[in-house]
Peer 1: 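The structure under discussion is supplied below as structure tokens; questions concerning it will follow.
All of these numbers come straight from a predicted model, not from anything done at the bench.
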Amino acid sequence: MNITDIIQLIILCAVIMLPLGYSARRWLPRLLQRFRQRFLAPRYLKSAGVLQRTSSVTVNRQNDDKH
């Protein structure tokens, strides 16, 4: 291969890849985001349990029955 052949291949690749790179700027991030959501998303979430407070206030039940 001559140096001219190598230079011609570099120019050909630049002519093809530069417009493709500029057009891929629009759809490539959306494609990567869909790929991540589809294949890398968690399939399920485990519950860590139910949070409950200890009641520090006493409830006066005798007032509940009167209307």
Peer 1: Are L28 and L18 in one and the same hydrophobic cluster, where Ile, Leu, Val, Met, Phe, Trp and Tyr link if side-chain heavy atoms are under 4.5 Å apart?
Peer 2: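 Different clusters: L28 never reaches L18 through Ile, Leu, Val, Met, Phe, Trp or Tyr contacts under 4.5 Å.
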Peer 1: Just how far is it from atom OG1 of T4 to atom CG of L9, taken to the nearest 0.5 Å?
Peer 2: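 With rounding to 0.5 Å, OG1 (T4) is 10.0 Å from CG (L9).
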Peer 1: Can you tell me how far the CZ atom of R36 sits from the CG atom of L31, to the nearest 0.5 Å?
Peer 2: 10.0 Å
Peer 1: Determine whether L12 and I3 fall in the same hydrophobic cluster, where Ile, Leu, Val, Met, Phe, Trp and Tyr are linked whenever their side-chain heavy atoms lie under 4.5 Å apart.
Peer 2: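 In one cluster: no.
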Peer 1: Does R25 use its side chain to pair, donor to acceptor, with the backbone of G21 at less than 3.5 Å?
Peer 2: no
Peer 1: Which atom pair, heavy atoms only, marks the closest approach of P29 to A24?
Peer 2: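 For P29 versus A24, the nearest heavy atoms are CD-O, 3.9 Å.
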Peer 1: If you measure from CG on L20 to SG on C13, what distance do you get to the nearest 0.5 Å?
Peer 2: 11.0 Å
Peer 1: Taking all heavy atoms of P19 and all of A14, pick out the closest pair and write down the distance.
Peer 2: CD-O, 4.1 Å
